[in-house]
*Asks:* 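Quick one: the structure is below, and I'll ask about it shortly.
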Amino acid sequence: MEAHTVKLSKDGRILIPAAARAKLGLHGRTTLRLRREGGEIRLTSIGKALLKAQEIAQRYKKPDEDVVDEFLKDRRIEAERT
């Protein structure tokens, strides 16, 4: 685990050190998700958060299931009802 000491500016901003940004592949204009866990703040890039969500969803997918086909089938059935 890598740790850095940073200061919160009076307007609430922090600077993520260049070494940490480089290791995480973060660059200017990267959108981050801020999450409070207990008494801690966690920052995650949107890309990393999306990958984690996909990994979680994958656990519930049946081995031979095509979720896109199932989704489209459900939408067609729904459209026929209206």
Side-chain angles (χ1 to χ4, degrees):
M1 180 176 164
E2 188 177 324
H4 299 274
T5 300
V6 297
K7 289 186 178 182
L8 187 66
S9 72
K10 63 182 175 182
D11 62 349
R13 297 176 187 214
I14 62 167
L15 177 67
I16 301 170
R21 293 192 315 265
K23 283 187 178 181
L24 295 170
L26 303 176
H27 49 81
R29 305 280 187 220
T30 298
T31 301
L32 300 173
R33 179 174 175 256
L34 185 142
R35 184 171 79 243
R36 183 178 50 83
E37 287 185 8
E40 298 181 352
I41 293 174
R42 300 190 63 128
L43 292 173
T44 309
S45 71
I46 295 299
K48 187 73 170 174
L50 179 59
L51 287 175
K52 186 169 184 161
Q54 289 172 335
E55 288 172 7
I56 292 169
Q58 189 67 26
R59 294 182 209 154
Y60 298 98
K61 182 184 166 294
K62 297 173 188 150
D64 296 330
E65 181 181 40
D66 185 338
V67 292
V68 173
D69 285 344
E70 288 294 317
F71 174 79
L72 293 174
K73 178 182 165 187
D74 289 345
R75 295 297 77 77
R76 286 185 194 109
I77 291 169
E78 196 174 293
E80 288 174 4
R81 290 184 190 153
T82 58

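Owing to the predicted nature of the structure, the values given are computational and were not obtained by experimental measurement.
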*Asks:* Counting heavy atoms not belonging to R75, are there more than 12 under 6.0 Å from its CZ?
*Replies:* yes

*Asks:* Would you indicate whether the side-chain heavy atoms of K7 and I14 approach each other to under 4.5 Å?
*Replies:* no

*Asks:* Checking D66 against K73 for the side chain to side chain contact (heavy atoms under 4.5 Å, CB included) test, could you report, in this order, the C-alpha distance in whole Å, the side-chain angles of both residues, the deciding distance, and whether it holds?
*Replies:* CA-CA 11 Å; D66 185 338; K73 178 182 165 187; over 6 Å; no

*Asks:* Can you tell me if E37 has over 12 outside heavy atoms packed within less than 6.0 Å of its CD?
*Replies:* yes

*Asks:* Is the number of heavy atoms from other residues, nucleotides or ligands within 6.0 Å of CG (D11) greater than 12?
*Replies:* yes

*Asks:* Just verifying a value: how many Å separate D74 CG and R76 CZ, rounded to the nearest 0.5 Å?
*Replies:* 10.0 Å

*Asks:* Mind checking the CZ-CZ spacing from R36 to R42? Nearest 0.5 Å is all I need.
*Replies:* 14.0 Å

*Asks:* Can you check side chain to side chain contact (heavy atoms under 4.5 Å, CB included) on E2 and H4, steps first, answer last?
*Replies:* CA-CA 7 Å; E2 188 177 324; H4 299 274; 2.7 Å; yes

*Asks:* Could you go through the side chain to side chain contact (heavy atoms under 4.5 Å, CB included) check for L8 and R13 one step at a time?
*Replies:* CA-CA 6 Å; L8 187 66; R13 297 176 187 214; 5.9 Å; no

*Asks:* L32 and S45: which non-hydrogen atoms are nearest, and at how many Å?
*Replies:* CD2-CA, 3.7 Å

*Asks:* Is there a donor-acceptor pair closer than 3.5 Å between any side-chain N or O of E65 and the backbone N or O of K62?
*Replies:* yes

*Asks:* Is a salt bridge present between K52 and E55, judged by a nitrogen-to-oxygen distance below 4.0 Å?
*Replies:* no

*Asks:* Test of understanding: clusters of I, L, V, M, F, W, Y form through side-chain heavy atoms closer than 4.5 Å, transitively. Do I41 and L26 belong to the same one?
*Replies:* yes

*Asks:* For residues A49 and T44, report the shortest heavy-atom separation together with the two atoms involved.
*Replies:* N-CG2, 3.8 Å

*Asks:* Calculate, to the nearest 0.5 Å, the distance between atoms CD and CZ belonging to E78 and R81 respectively.
*Replies:* 7.0 Å

*Asks:* I16 and L43: side chain to side chain contact (heavy atoms under 4.5 Å, CB included), yes or no, with the steps?
*Replies:* CA-CA 10 Å; I16 301 170; L43 292 173; 4.1 Å; yes

*Asks:* Once you round to the nearest 0.5 Å, how far does NZ of K61 lie from CD of Q54?
*Replies:* 12.5 Å

